[in-house]
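Just below is one structure, and these are the notes that go with it.
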Amino acid sequence: MPELPEVEVVRRGLAEHVVGRTVTAVEVRHPRAVRRHLPGPLDFAARLDGRTVTAARRRGKYLWLELDRPADLVLAHLGMSGQLLVQPVDALDETHLRIRLRLDDGNELRFVDQRTFGGLSVEDRTDDGLPAPVAHIARDPFDPAYLVEEVVARIRRKDTGLKRALLDQTVVSGIGNIYADEALWRAQLHWARPTATLDRPAARRVLGAAAAVMAAALGEGGTSFDALYVNINGESGYFDRSLAVYGQEDRPCPRCGTAIRRESFMNRSSYSCPRCQPRPRRPHW
DNA sequence: CGACTCTCCTGGGTGC
DNA sequence: TGCACCCAGGAGAGTC
């Protein structure tokens, strides 16, 4: 599942292999992949054809390309299973190839997505330079203008559980289920801890842990990047990340050895250490 | 308005 | 071998 580090790896790949290229043909193979482009697949193709990519940008898990028609941006969200790949034109089509952009250097930018939760769209650029659908997304911890104290204050003002707050992309962006669990484990906090009972040091601790674990993952993901193969890959570095709790049910906690537990929350799994992360007295589900 | 649930989707895994 | 079922989960829509 691409979260902030994986999306940043993709952005870097786009910056290296796609910025400066011109789109010479567009093929939408699955309309659902452009469902957020309300004028439809034909308009999507027309707005992209002939455009030159001038920059690759990101906020949280959203990724976009700037174009030589500055009013337009190509917005991408990878969802759960989306990938952006640069492939030579003669490479075999992937099973779940959804969108193909032919480039002027003999390569293609391909959007591949098994579950089609993700997709591409051409969006208007707002006054602050963001695609309109990204305007409500908070800055992520890698953003130079990210202000941790602002996020600490917002979290403590909320009336909800801590993990829900960490996953709220309007509070802090880029954190998904995996890094939320890892950050909570590092900070030794339970996912159902009521945000209102969190003191400032604890809030700083969990946010700092989220930034640190994502930075570490980015450090690993950046290494598996290699030109002209599966080089702009939403899952780069994903499998060799070292995860303390996520997906580690019944395995020993790396800190204390207690068996990691899995609990259901928000229709997804939460992994934690029963000893390092005791359930709060009055949990906020 | 804030908090929260529902829903979209596909394929790998599992149990009978 | 086949088939029903569960599960992965980001984020916008909708409800209260």
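Quick note: numbers below take in every heavy atom, side chains included, and nothing from hydrogens, waters or symmetry partners. None of these values were measured; they are calculated from a predicted model. Quick note on labels: first sequence line is chain A, next is B, and so on, each numbered from 1.
- Atom pair A:Ile175:CD1 and C:dG10:P shows a separation of 11 Å (rounding to whole Å applied).
- Protein atom CZ of A:Arg164 is 15 Å distant from nucleotide atom P of C:dA11, rounded to whole Å.
- A donor-acceptor pair under 3.5 Å is absent between the side-chain atoms of A:Thr258 and the main chain of A:Cys253, judged by distance alone.
- The CZ-P distance, from A:Arg268 to C:dA11, rounds to 10 Å in whole Å.
- Without hydrogens or angle criteria, A:Arg35 side chain to A:Arg32 main chain gives a donor-acceptor distance under 3.5 Å.
- Here the P atom of nucleotide C:dA11 and the CG atom of A:Leu166 are 14 Å apart, to the nearest Å.
- Listed for the A:Thr160 side chain is no donor-acceptor partner under 3.5 Å among the backbone atoms of A:Ala165.
- Comparing A:Gln114 and A:His284 by the nucleotide of DNA chain B whose heavy atom lies nearest to each, the residue mapping closer to the 5' end is A:His284.
- Atoms CD (A:Gln169) and C1' (C:dG10) sit 8 Å apart, rounded to a whole Å.
- Between A:Tyr271 and A:Lys61, the one whose closest nucleotide on DNA chain C sits nearer the 5' end is A:Tyr271.
- At least one side-chain nitrogen or oxygen of A:Ser269 sits closer than 4.0 Å to the OP1 or OP2 atom of C:dA8.
- In this structure, A:Arg36 reaches neither bases nor backbone, as no heavy-atom distance under 4.0 Å exists between it and the strands shown.
- Side chain of A:Lys61 to backbone of A:Ile175: a donor-acceptor contact under 3.5 angstrom is found.
- In this structure, of C:dG12, C:dG10, C:dA8, it is C:dG12 that holds the atom nearest to the side chain of A:His136.
- A donor-acceptor pair is defined here as one N or O able to donate and one able to accept, closer than 3.5 Å; such a pair exists between the side chain of A:Arg11 and the backbone of A:Ala56.
- A salt bridge does not link A:Arg262 with A:Asp250: none of the charged nitrogens is closer than 4.0 Å to a carboxylate oxygen.
- Between A:Arg110 and A:Arg100, the shortest heavy-atom contact is NH2-NH1, 3.9 Å.
- For A:Arg115 and C:dA11, the CZ to C1' distance is 15 Å, given to the nearest whole Å.
- One interatomic measurement links the two molecules: CD1 of A:Ile137 to P of C:dG10, which rounds to 13 Å at whole-angstrom precision.
- Protein chain A contacts DNA chain B from B:dA3 to B:dG11, reading 5' to 3' and using non-hydrogen atoms of the protein with a distance under 4.0 Å.
- For the pair A:Asn267 CG and C:dC6 C1', the computed distance is 12 Å after rounding to whole Å.
- Using a 4.0 Å heavy-atom cutoff across all strands shown, A:Asp113 reaches no nucleic acid atom at all.
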